[in-house]
Every structure is written in C-alpha cells, then in structure tokens.
Amino acid sequence: MVFILERDVTDAQVDVFRKEFERQGFSTIYAPGTEHKAVCLLGNTSVIDMDQVVESHSYVSYGRRVTEQYKAAGRTVHPDDTVITVGSGENAVQIGGGTFTVISGPCSVETEAQICLVAESVKAAGAKILRGGAFKPRTSPYSFQGLGTDGLALLKTAKALTGLPLISEIMNQTQLSLFEDVDIVQIGARNMQNFDLLKAVGRMGKPVLLKRGLCNTLDELLMSAEYVMNSGCGSVILCERGIRTFETATRNTLDLAGVCVLKEKTHLPVLVDPSHAAGIRSLVAPLAKAALAVGADGVMIESHNDPANALCDGAQSLDLLQFSALMDELRVRVPIEGKRLQ
Ligand code: PEP
Ligand code: MN
C-alpha cells in the first residue's frame with residue numbers, strides 16, 4: 001500500500017506517519033521523488049482502512065494498493081533511481097543515479113602484502129571500492145575456502161591504508177557480527193534464495209549487494225531484493241554475474257538484456273560482474289564496456305597482483321596493469337554515456 005503525500009509535507013510529519021505504522025509491525029519505505037513524495041507500507045496491509053488513513057492525516061493526499069509484485073524494488077512506488085552512498089569524506093562513493101561505480105580487488109584475500117598491494121594499485125587506477133572474499137563459497141570442499149576472520153582483518157588493514165570502502169561476501173547468519181566494519185555486505189549467487197540470510201542481512205542497516213543466482217530469473221532476483229528491503233534495508237544493489245546456459249565457451253552467460261530489463265523495472269542500482277560471467281581474463285574488459293553501454297550502474301572486477309598464482313579465480317582476474325588500462329578506457333567512455341565515473 002502506498003500513500004502519496006502533499007507536496008508541502010514536512011520531514012517531521014513523514015517521520016510521525018512512518019512510526020505510526022512501524023509500531024503496528026509494518027515496514028515502511030519513504031520515497032521523496034521528484035514527481036511526488038510517497039510512503040510505502042510493507043506487510044499485511046489488507047487490515048488497513050486506506051480511506052480512514054487519508055481522512056485522518058491532513059498531509060496525505062491519497063492512498064493506493066500496490067498490486068505489482070515488487071512493492072519495494074519496483075518503480076511504481078519509487079520512480080526515481082535509488083542512490084546509495086558508501087564511505088565518507090573524500091572516500092564517499094555514490095552508487096546509482098547517473099554514476100558508474102567501479103569495484104575491484106582479488107577474488108580472495110590471501111596475504112597482507114597481496115591485499116594491500118592490490119588495494120593501493122586499484123585505487124591509483126581509479127577504483128572506488130575494494131572487494132575481497134574472506135569466506136569463499138567454493139564448488140569443491142578441497143579448494144581454498146578463504147582466510148575467514150583473518151581475511152576480514154586484512155581487508156580492514158587495506159582500508160586503513162587506502163581509505164577505500166570494503167565489500168565482502170557473507171555466507172551465513174553466524175557471520176553477521178563479523179561484518180560490522182564491512183561497508184557493503186555481499187550475498188553471493190549461491191545464496192540468492194537463502195531467505196533467512198536475506199532477512200538477517202536486511203536488518204544490519206548496511207548496503208547489501210545481491211548477486212543473481214546461477215539459475216535464477218530476474219523475477220526471482222527482484223523477489224529476493226524484496227526480502228532484504230522488507231527487513232528494513234533500502235540500500236540494495238543488484239548484480240548480474242552471468243547465468244548458466246547450454247553455452248560452455250564462457251564460465252557463465254552474461255545476461256546483458258537482463259540488465260536493461262532490471263533498469264526498467266527497478267529503481268535499485270544494477271552492477272555487472274564480468275569476471276564471474278566470463279571466467280576468462282580477455283573477455284572482462286569488453287564485457288565491462290558492454291555493461292556501461294547497456295546502462296549498468298557500475299562493474300565489479302576481479303584483479304590480482306599475480307593472477308597466475310592466485311588461490312582463487314586467477315584465470316578471470318585482471319593483472320594490475322590490465323585493470324589500470326581498463327580504467328583508462330572507462331574514464332573516456334563513461335562521460336560519453338552521460339554518467340559520472342565513481
Ligand atoms: C565472488 O564475487 O567472489 C563470488 C563468489 O561471486 P558469485 O557469488 O557471483 O559466484
Ligand atoms: Mn571469484
């Protein structure tokens with residue numbers, strides 16, 4: 001259910017209005033758009049007498065039942081792009097709303113020297129957010145599983161050195177408290193429909209990057225975003241990272257049309273991960289440029305100081321010079337697409 005507010009509604013009135021419903025157990029989303037200001041109620045709204053709400057609040061213009069599936073993520077209630085800010089001061093980065101954000105770093109954190117070198121190098125090249133896996137969802141239990149909490153500590157060291165905000169993947173609810181210093185919590189492709197994890201992460205009060213599952217439709221991705229948003233998180237970033245098809249020439253098939261569909265349907269930022277999509281280093285730069293061309297809000301790219309000896313995903317990792325060369329290309333192309341490089 002959405003309530004459209006009068007144009008001159010004050011922030012204090014919006015606050016009172018939201019709290020009134022939150023006390024009754026509903027989640028609320030406030031969308032102060034350019035067309036109108038709206039408050040969306042999430043939960044079992046069949047019990048609400050919409051006309052009575054309109055009559056009893058002078059600053060509510062009218063109410064409407066939202067019949068579309070994506071009540072929180074859809075553009076019906078929230079037509080303007082959501083802009084998510086991470087980091088602060090000179091390290092503040094905006095994701096969405098006309099920006100193109102580049103996230104980079106290794107698949108896995110391996111050593112202090114490795115993560116610090118990669119962080120400094122990708123920062124110098126122009127990346128604004130550092131990625132690095134500490135808990136790794138590996139297909140084989142015999143593969144490197146990540147450094148765990150030690151990996152998170154090393155990421156913090158790299159952040160202290162460079163100021164870059166961090167993104168890292170959480171695998172389950174037992175790890176929630178470990179992610180306090182991580183700026184964006186990543187839900188990996190394999191966990192896209194781990195609904196309990198989605199709900200728990202949504203309650204953390206941090207931006208969440210939600211990757212599309214290997215075999216999931218765009219509808220399913222958006223419904224998973226609804227789970228996170230229903231738990232109180234308005235800052236969800238979607239990530240297309242390739243899906244499984246009959247094609248075997250690439251690790252996955254990058255669904256660029258899906259990026260366009262998402263941009264039409266949702267106000268949430270949509271990033272592309274060309275590294276996991278392709279699985280092949282030489283394809284990463286062309287696919288990153290393609291992502292920009294179809295309207296993605298940014299890319300997440302795996303980079304490594306020594307890809308040949310990386311403990312995870314070396315074949316798809318750019319070396320530091322290749323990453324820097326890609327950034328040079330993006331620096332030229334992003335403004336041509338009418339966006340601002342972040
Ligand atoms: C990753 O980004 O490190 C990762 C494991 O990606 P995905 O969940 O897309 O496979
Ligand atoms: Mn990887």
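Whatever order the structure lists them in is the order used to number ligands and atoms, beginning at 1. Basis for what follows: all heavy atoms, side chains included, without hydrogens, waters or symmetry-related copies.
Between the side chains of Asn216 and Gln193, at least one donor N or O lies within less than 3.5 Å of an accepting N or O. Under 3.5 Å, the side chains of Thr28 and Glu22 contain a donor-acceptor pair of N or O atoms. If you check the side chains of Arg138 and Gln145, you find no donor sitting under 3.5 Å from an acceptor.
For the residue pair Ser104 and Val122, the shortest heavy atom distance occurs at OG-CG1, 3.8 Å.
His57 and Phe17 have perpendicular rings, their planes meeting at more than 60° on a 0 to 90° scale where under 30° would count as parallel.
Asp183 places a side-chain N or O within 3.5 Å of a backbone atom of Leu166 that can act as its donor or acceptor partner. Between the Asp273 side chain and the His276 main chain, a donor and an acceptor come within less than 3.5 Å of each other.
Under a hydrophobic clustering in which Ile, Leu, Val, Met, Phe, Trp and Tyr are joined whenever their side-chain heavy atoms come within less than 4.5 Å, directly or via other members, Leu42 and Val60 fall into different clusters.
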When you check ligand 1 against the protein, what N or O pairs turn up below 3.5 Å? List the atom names and distances, or just say none.
{"unit_1": "ligand 1", "atom_1": "2 (O)", "unit_2": "Arg131", "atom_2": "NH1", "d": "2.8"}
{"unit_1": "ligand 1", "atom_1": "2 (O)", "unit_2": "Gln186", "atom_2": "NE2", "d": "3.0"}
{"unit_1": "ligand 1", "atom_1": "2 (O)", "unit_2": "Lys211", "atom_2": "NZ", "d": "2.9"}
{"unit_1": "ligand 1", "atom_1": "3 (O)", "unit_2": "Arg131", "atom_2": "NH2", "d": "2.8"}
{"unit_1": "ligand 1", "atom_1": "3 (O)", "unit_2": "Lys136", "atom_2": "NZ", "d": "2.8"}
{"unit_1": "ligand 1", "atom_1": "6 (O)", "unit_2": "Lys211", "atom_2": "NZ", "d": "2.8"}
{"unit_1": "ligand 1", "atom_1": "8 (O)", "unit_2": "Ala189", "atom_2": "N", "d": "2.7"}
{"unit_1": "ligand 1", "atom_1": "9 (O)", "unit_2": "Lys211", "atom_2": "NZ", "d": "2.8"}
{"unit_1": "ligand 1", "atom_1": "9 (O)", "unit_2": "Arg241", "atom_2": "NE", "d": "2.6"}
{"unit_1": "ligand 1", "atom_1": "9 (O)", "unit_2": "Arg241", "atom_2": "NH2", "d": "3.4"}
{"unit_1": "ligand 1", "atom_1": "10 (O)", "unit_2": "Arg190", "atom_2": "NH1", "d": "2.8"}
{"unit_1": "ligand 1", "atom_1": "10 (O)", "unit_2": "Arg241", "atom_2": "NH2", "d": "2.8"}

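Inside a sphere of radius 2.8 Å centred on the Mn ion (ligand 2), the protein N/O/S atoms present are Cys107 SG, His276 NE2, Glu302 OE2, Asp313 OD2.
Asp181 has no carboxylate O lying under 4.0 Å from a charged side-chain N of Lys206, or vice versa, which leaves the two without a salt bridge.
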